[in-house]
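Atoms within each ligand, like the ligands themselves, are counted from 1 in listed order.
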Amino acid sequence: MPDIAFANGVFLPLAEATVSVEDRGFQFGDGVYELLRVYGRVPFCPLDHLARLERSARALDIALPFDTARWMSVITEAVHRSDYPEAKVYIQVTRGVAPRDHTYSATLVPTVIITVRALASPVESLYTDGTDVVTVPDLRWGRCDIKSVSLLANVLAKQQARNAGAFEALFVRDGFILEGATSNVMTVHGGSLVTPPEGPLLLSGVTRRLALQLAREAGISLAERPLPEKDLYAASEVFLTGTTIEILPVITINGRCIGGGFPGPITKELMARFRKLHA
Ligand code: PLP
């Protein structure tokens, strides 16, 4: 039984899992989610993802129905049942099922869906040769730090990137780069790592935090400061961070070459250190 779902309290093949048409996740995008990665059958940084899930849910006034121990036991069992050595685990929690009405009752029972599927990592050449990204206007709301299932602006941005033959779209708001549609972004200027600071306009990425920690350990100076779009093109290196992509070099932005047009030394150093975290 490889593709697994945990839905409405039971494990079953993913293809058999269903949710009500009156689920508020379907009606309003009223819910939160997490994606965590499994390496060698072991979930990676699960407590960081669960802590963020808790923060996201609290910000939306959704009471998570499980404590950490229960989440861990369900995730572990789902991973075990799927038996994929390399997998991605989605946790989705919506406010629950109710007749359609924007307002909600505090008595709703949240819907919990967990799915486990095999993970197809980006092809290795993206890491050795680097990727292309485009910039797009940020059409999202003002709480991008909440990992909400309402992802319309991200969906449209990512599709815009794909249509342009690029891997990722970077959101620009008021002239500043914030993050990608599915990743955080970091640049290197004069040998220092620069990344936009955490706040309501970007997601506090688990991989972002790890990359910053690895940079500190490697003695690389770093600054979390606003990043004007115009400064991007002057960067010697740019890379993306995210759960499925890990640390992924960027070599062009809107068709303009970054650095020498190949992954730079700081990016490569952090990529190598990151891979050791789960080797
Ligand atoms: N920013 C956005 C908008 C994302 O959707 C994601 C991941 O899905 C990230 C950043 C990276 O976060 P993480 O490293 O926790 O996967």
Geometric cation-pi criterion, R24 with Y104: 6.0 Å, 45°:
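No cation-pi geometry.
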Could you list all the salt bridge (Lys or Arg N to Asp or Glu O under 4.0 Å) pairs where at least one residue sits in residues 40-51, not counting sequence neighbours?
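As it turns out, the salt bridge (Lys or Arg N to Asp or Glu O under 4.0 Å) pairs with a partner in residues 40-51, which skip direct neighbours, are R41-D83, D48-R209.
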Could you note down all residue pairs passing ring-ring contact (aromatic ring centres under 6.0 Å, His included) where residues 48-89 supplies at least one of them, sequence neighbours left out?
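Only F66-W71 qualify under ring-ring contact (aromatic ring centres under 6.0 Å, His included).
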E246/R275 ion pair, N-O < 4.0 Å:
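Yes, charged N to carboxylate O under 4.0 Å.
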Using 0.5 Å steps for rounding, measure from the CG atom of L214 to the CD1 atom of I266.
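Here the interatomic distance stands at 13.0 Å.
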Using heavy atoms and a cut-off under 4.0 Å, could you grab the residues that are in contact with ligand 1, chain by chain, numbers ascending?
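Contacting ligand 1 under 4.0 Å are R52, K147, N154, E179, G180, A181, T182, S183, N184, L203, G205, V206, T207, T241, G242, T243.
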Of all pairs that satisfy side-chain hydrogen bond (donor to acceptor under 3.5 Å, both in side chains), the ones with a partner from residues 257-270, not counting sequence neighbours
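Listed by first then second residue: E237-T267, E269-R273.
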